[in-house]
Amino acid sequence: MNFSEKLIGWFEKNKRDLPWRKTKNPYFIWVSEIILQQTRVEQGLPYYKRFIKKFPTIKDLATAREDDVMKQWQGLGYYSRARNMHCTAKEICKSYKGKFPEKFEEILSLKGIGKYTASAISSFAFNLPFPVVDGNVQRVFARIFGISDSSGFAVAEKKFYSLGHKLLDKTNPGTFNQAIMEFGAIHCTPLLPKCNHCVFSGDCFALKTNRVKEFPSKKIKVKPRTRFFYYLIIKAGDSTFIKKRKGNDIWIDLYEFPLIESAKALSKNEILHSAQWKNFFGNISVKIISISKYQKHILSHQLINGQFWEVEMPSGTKIKQALKTFQLVKFTNLNKFPVSRMIEKYMVENGEGFTKNNRGK
DNA sequence: AACCCGGGGGT
DNA sequence: ACCCCAGGGTT
């Protein structure tokens with residue numbers, strides 16, 4: 001048996017029953033691939049079901065409001081994925097009459113679709129012979145063939161794609177690609193791979209040399225940056241101020257409360273005398289209703305300490321220019337706006353009229 | 001080529 | 001505390 005026969009033999013016995021494996025609709029496959037980038041199947045599955053129900057066709061997605069698209073993504077992370085999908089849906093309507101392109105180069109040219117996703121869609125939906133190389137495939141290849149180059153670098157990438165092209169079953173690329181990723185995801189796992197009963201046990205370099213733990217070689221990780229976010233929940237009757245995040249930072253296009261940010265922890269006094277506080281309130285005396293404990297919010301690359309201040313401005317206060325750049329929104333309407341997990345968690349526990357995003361189970 | 005972008009779950 | 005995940009865009 002060759003590589004592909006062993007692999008697909010294993011796949012047919014062990015594959016999971018997943019909704020995107022039952023369709024050839026390139027739009028559904030695209031949605032699933034984007035959701036599953038850097039995201040586990042169990043976490044992405046409810047989002048996938050909700051997303052294609054809310055936006056059943058490319059046109060539905062293209063004509064949706066940005067806030068509605070972001071709301072569907074709320075809590076998933078890497079929000080540029082949602083922005084890029086929205087943009088690409090519009091592009092497909094404009095340049096391809098709403099029909100998903102069927103050529104690899106066309107698919108690859110779309111925003112948010114790189115080499116991996118273009119290969120996945122091409123092979124799954126159109127049975128084109130492009131090998132997928134994701135984290136799973138790299139781990140499987142690294143172990144079986146003893147590739148010690150650190151993944152993420154050009155040399156390693158060339159070796160992985162070269163192997164992929166060589167081993168790919170050209171008569172059935174879609175099944176081969178799904179099989180090798182599934183094999184990495186549930187058999188040749190990062191920790192505790194099931195080497196004692198493996199179809200490649202006779203071929204695997206790492207196993208034969210008793211060096212499974214050394215493959216794939218680890219990449220150097222960056223030290224996360226620490227930040228302190230002080231969010232002001234300003235009570236103005238039954239309303240409060242929010243604004244969409246912009247710029248070149250995390251959580252772009254999600255909404256948040258007026259924010260005082262610092263690279264180090266600030267005391268209550270430091271906040272009350274900060275330039276940012278004065279920018280919002282000037283010298284008027286604001287009533288502080290409550291100050292929450294720090295909420296630690298961990299991202300892969302940042303550690304954010306969030307603190308929520310509930311404050312009330314004296315009635316009849318003239319609103320400073322800084323606050324005029326915000327939207328005044330009723331507490332009961334906060335649910336309509338996509339927010340980060342950190343804000344969602346706080347509001348679910350303490351906010352008025354805010355319920356958890358319905359993301360299934 | 002290096003850096004940036006979230007969040008969750010496993011160990 | 002550390003690991004990893006069906007990666008892609010920007011600089």
Side-chain angles (χ1 to χ4, degrees), chain A residues 15-16 18-21 29-48 70 73-85 87-88 107-124 131-140 150-158 160 164 174 176-186 188-193 213 216 218-225 227 245 247-254 296-304 306 338-345 357 359 361:
Chain A
K15 65 181 172 188
R16 291 169 292 183
L18 300 170
W20 45 86
R21 294 219 175 110
I29 292 171
W30 173 43
V31 172
S32 74
E33 287 304 329
I34 301 300
I35 288 177
L36 266 30
Q37 285 170 6
Q38 306 300 97
T39 305
R40 290 168 192 281
V41 166
E42 312 84 71
Q43 189 195 355
L45 188 52
Y47 281 88
Y48 170 78
M70 299 310 287
W73 214 264
Q74 180 176 310
L76 248 191
Y78 284 116
Y79 297 92
S80 64
R81 294 184 291 175
R83 283 198 309 280
N84 288 338
M85 281 194 80
C87 170
T88 287
I107 298 171
L108 182 60
S109 75
L110 298 171
K111 199 168 176 69
I113 297 183
K115 201 168 175 183
Y116 162 77
T117 306
S119 301
I121 297 171
S122 298
S123 62
F124 299 164
V132 290
V133 176
D134 69 341
N136 287 317
V137 175
Q138 293 183 25
R139 183 172 58 256
V140 172
S150 236
S151 56
F153 291 95
V155 178
E157 173 141 336
K158 284 192 87 166
F160 289 132
F176 178 94
N177 279 343
Q178 296 209 28
I180 193 160
M181 289 197 289
E182 186 77 337
F183 182 74
I186 67 177
C188 193
T189 47
L191 275 58
L192 303 175
K213 274 193 246 177
K218 292 182 202 166
K219 341 174 182 174
I220 313 101
K221 61 180 170 205
V222 292
K223 198 170 145 185
R225 172 161 68 118
R227 306 167 75 173
R245 275 184 81 89
N248 199 16
D249 199 357
I250 58 173
W251 302 331
I252 296 168
D253 289 340
L254 301 190
K296 211 180 273 284
H297 189 84
I298 300 163
L299 309 181
S300 58
H301 47 299
Q302 296 183 24
L303 198 167
I304 296 165
V339 298
S340 71
R341 273 306 248 162
M342 182 168 64
I343 289 183
E344 182 192 346
K345 280 181 182 168
N357 192 24
R359 67 165 57 77
K361 67 174 167 109

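So you know, we letter chains A, B, ... as the sequences are listed, proteins then strands, and number each from 1.
- Each of Leu191(A) and Met342(A) was matched to the nucleotide of DNA chain B holding its nearest heavy atom; the match closer to the 5' end belongs to Met342(A).
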## Note on the structure
Once base and sugar-phosphate atoms are separated, protein heavy atoms under 4.0 Å mark nucleotides 6-11 of chain C, 5' to 3', with B, S and - as BBSSS-

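- OP1 or OP2 of dG7(B) has at least one side-chain nitrogen or oxygen of His297(A) nearer than 4.0 Å.
- Listed by first residue number, the stems of DNA chain B with at least three Watson-Crick or G-U pairs below 3.5 Å are B:1-5 with C:7-11, B:7-11 with C:1-5.
- Listed by chain and number, the residues in a side-chain contact (heavy atoms from CB on, under 4.5 Å) with Leu45(A) are Pro19(A), Trp20(A), Lys49(A) (sequence neighbours excluded).
- Remark: Glu182(A) engages Arg16(A), Arg21(A) in a side chain to side chain donor-acceptor pair (under 3.5 Å) (not counting sequence neighbours).
- If Ala154(A) and Asp249(A) are placed on DNA chain B by their nearest nucleotide, the residue sitting closer to the 5' end is Ala154(A).
- For dC5(B), neither phosphate oxygen OP1 nor OP2 lies less than 4.0 angstrom from any side-chain nitrogen or oxygen of Trp73(A).
- Residues meeting the salt bridge (charged side-chain N to carboxylate O under 4.0 Å, His left out) test with Arg227(A), sequence neighbours left out: Asp249(A), Glu261(A).
- For Gln138(A) and dC3(C), the CD to P distance is 17 Å, given to the nearest whole Å.
- Shown here are the salt bridge (charged side-chain N to carboxylate O under 4.0 Å, His left out) partners of Lys158(A), two or more places apart in sequence or in another chain: there are none.
- Not a single side chain to side chain donor-acceptor pair (under 3.5 Å) links Thr88(A) to another residue, sequence neighbours left out.
- His301(A) has a side-chain polar atom (N or O) that falls below the 4.0 Å cut-off from OP1 or OP2 of dC5(B).
- With sequence neighbours excluded, no residue forms a ring-ring contact (aromatic ring centres under 6.0 Å, His included) with Tyr78(A).
- Scanning for side chain to side chain donor-acceptor pair (under 3.5 Å) contacts around Tyr116(A) gives Glu33(A), with sequence neighbours left out.
- For the pair Tyr47(A)/Trp73(A), no side-chain contact is recorded, criterion being any heavy-atom separation below 4.5 Å from C-beta on.
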